[in-house]
**Student:** 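Provided herewith is a single structure, encoded as structure tokens, for subsequent inquiry.
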Amino acid sequence: MFKITRSAPTLSQSFLEDESVPSVHRRHPDELSAMDIDDNDNDLGIGPSSLRKDIVSAGEVITSSKEFMRGHGTYVEDDQVISSVTGTIEKVNKLISVKALKSRYVPEVGDLVIGRIVEVQPQRWKVDTNARQDAVLMLSSVNLPGGVQRRKMESDALKMRDFLAEGDLLVAEVQAFFADGAMSLHTRSLKYGKLRNGQLLTLPPRLIRRLKSHFHHLPPPCGPTGVDIILGLNGFVWVSAGTSESQREGGEGFDAEGVYSNVNDDISPEGRRAIAEVANLIEVFAAYDVPLSDTLIADGYAWITQQRKSRPSSGAIRGGEAERMVFEVTGLDIISTSA
Amino acid sequence: MSTSRLEILNDGGLRHDARRPYELRSLSLSLSPHPTADGSATVTSGLTSVTASVFGPREPRSRAGTSHDRGIVSVEVGVAPWSGTREVRRSRGDKRLTEIAASIRQTFEPVILLHLYPRSEITINIQVISADGGILPTAINATTLALLDAGIALLDYTTSLSVGLHLTQPLLDLSAPEEADLPHLVVASCPASGKVTLAAMETRLHVDRFEEMLRLGVDACRVIRDEMESVVKKKAAEVVRRSQAVIGVPDAR
């Protein structure tokens with residue numbers, strides 16, 4: 001069976017025996033059970049010193065290419081596997097790859113992404129998704145008003161700009177890849193489509209983990225209708241005024257005709273404030289390289305509410321207060337690395 | 001500096017800024033100063049300060065010049081009006097700046113693994129914030145750090161510095177007054193393999209001295225690489241520590 005081991009590079013082969021560091025390789029639960037995992041260490045025992053060994057930089061020799069296969073982030077020269085980026089080593093059986101700490105979004109089929117229309121072309125839209133190439137959204141992969149079963153006609157192709165124009169934001173799923181490596185998106189679900197009533201945040205894609213759901217809702221104490229959050233895997237995050245249960249995902253009050261509306265709903269000042277506070281919260285977490293999750297955002301918002309009760313203040317949290325928030329919510333000690 | 005000639009090396013063997021011949025200027029490196037670029041870095045070497053910002057790999061802004069099997073690199077160089085070049089003020093499209101941009105592009109084209117980025121474009125934007133000699137080597141060093149920061153695949157670090165010659169004595173890392181007076185050479189190399197990706201001269205130099213200077217330059221590039229690596233790894237370790245402290249054993253659910 002497979003084995004996943006976490007290894008630190010040393011000049012000799014000795015790093016194969018070093019299993020003190022857990023893998024950050026993404027694992028599906030099924031995959032986990034199917035694999036014989038050698039990480040029987042708990043993460044508590046890991047100090048920063050053992051993590052540092054795990055980091056390689058460009059041009060650094062990792063191991064011999066005679067015994068190992070090279071994966072992403074590496075190249076082979078003179079029978080040696082050499083890192084080509086700065087990041088952490090990931091090893092699956094004999095495959096060695098290095099995951100860069102910061103990079104553009106690398107798409108995978110099934111990913112939920114948020115993008116911005118940059119161009120309208122015949123039968124398709126070009127969408128900027130923070131990837132290496134612009135994504136393509138075909139006219140045939142969107143739901144048009146009038147129902148899922150509706151046939152697309154020539155008149156629809158002429159009216160494409162009425163549905164999605166340059167600059168519009170949308171949430172979509174990666175459907176497939178073209179031969180040239182560009183991704184094809186689809187919005188053939190009522191969860192997907194044009195975005196309005198909110199604000200976009202651009203974060204490093206590394207901070208968004210694959211979760212069961214990327215649509216989150218903070219319930220009403222947070223603004224009059226709550227706040228909806230969409231965590232796009234490409235690092236784009238959409239924070240918007242909350243919708244009620246029935247309006248979400250094609251419930252009874254779902255307005256299919258309004259899907260391509262260009263007009264924001266009326267949002268009360270309290271609602272706007274809640275959106276701004278949640279956006280601020282997410283940006284603070286991102287500034288401290290904290291990976292996002294729905295529980296983390298909810299905890300952070302609870303912290304803010306708590307603080308506002310004891311010491312009412314307006315305005316964004318920043319500086320020392322932000323540091324304290326990150327510490328108290330995540331337990332992460334922030335060593336000043338500004339030097 | 002034109003009326004009274006500068007004393008390049010005084011009787012004590014020190015240069016005009018009290019450095020020894022093989023001593024580099026103080027080097028300070030900072031990563032990600034630019035919030036919206038994919039990667040950026042500021043390198044300050046003595047009184048020369050250069051910021052490089054990398055955008056991409058991304059969809060090419062113009063169709064022209066794109067390639068279906070490899071990425072393209074475009075470089076733009078700008079000089080801040082207050083940067084203190086005593087010469088004429090430089091603007092975009094200036095011949096001298098275009099030449100620096102071309103040198104940087106030629107230096108990095110063989111180092112970036114461009115075959116991994118077909119149909120894409122990597123834009124490198126250089127801003128000279130203050131100039132006191134060695135703009136090209138400082139810009140190359142900043143670009144290397146910015147590319148690493150952007151997570152773009154490189155064969156190796158590429159580091160660079162200038163080497164001058166006073167009589168028979170080579171001098172490392174020239175400042176502006178020295179650069180004006182001495183024949184000099186800009187070396188950029190990949191220290192791990194010792195490959196030289198750029199050796200540029202704008203002045204005449206005796207051929208017998210060239211090899212010695214080139215070797216010296218390649219050696220000095222190694223020192224700069226070590227300095228860069230420690231900064232890059234320190235930052236990387238901190239980022240990894242933070243994300244792992246929050247996630248715990250990642251995705252072990």
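The chains referred to below are lettered A, B, ... by the order of the sequence lines, with proteins before strands, and numbering in each begins at 1.
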**Student:** Return the minimal non-hydrogen interatomic distance between A/Arg132 and B/Ser120, and the atom names on each side.
**Tutor:** NH1-OG, 2.9 Å

**Student:** Write down the atom of A/Ser57, the atom of B/Tyr157, and the distance for their closest heavy-atom approach.
**Tutor:** OG-OH, 2.5 Å

**Student:** What are the two closest non-hydrogen atoms of B/Ser32 and A/Lys102, and how far apart are they?
**Tutor:** OG-NZ, 3.3 Å

**Student:** Is chain B contacted by the side chain of A/Ala131, its backbone, both, or neither, given a heavy-atom distance below 4.5 Å?
**Tutor:** backbone

**Student:** Among A/Leu101, A/Thr86, A/Val85, A/Asp134, which residue has the highest count of heavy-atom pairs closer than 4.5 Å to chain B?
**Tutor:** A/Asp134

**Student:** Please report the shortest heavy-atom distance between B/Leu113 and A/Ser84, naming the atom on each side.
**Tutor:** CD1-CB, 3.7 Å

**Student:** Is A/Ala100 in contact with chain B via its backbone, its side chain, both, or neither, using a 4.5 Å heavy-atom distance?
**Tutor:** side chain

**Student:** Answer whether the closest heavy-atom distance between the side chains of A/Asp128 and B/Glu59 falls below 4.5 Å.
**Tutor:** no

**Student:** May I ask you to test the B/Val240-A/Thr88 pair for a side-chain heavy-atom distance under 4.5 Å?
**Tutor:** yes

**Student:** For a quick test of reading the model, state the closest non-hydrogen atom pair linking B/Asp156 to A/Gly59 and the distance between them.
**Tutor:** OD1-CA, 3.7 Å

**Student:** Where do B/Arg242 and A/Ala287 come nearest, in terms of heavy atoms and distance?
**Tutor:** NH1-O, 4.3 Å

**Student:** May I ask you to name which of A/Ile82, A/Asp180, A/Val98, A/Thr74 has the most heavy-atom pairs under 4.5 Å with chain B?
**Tutor:** A/Asp180

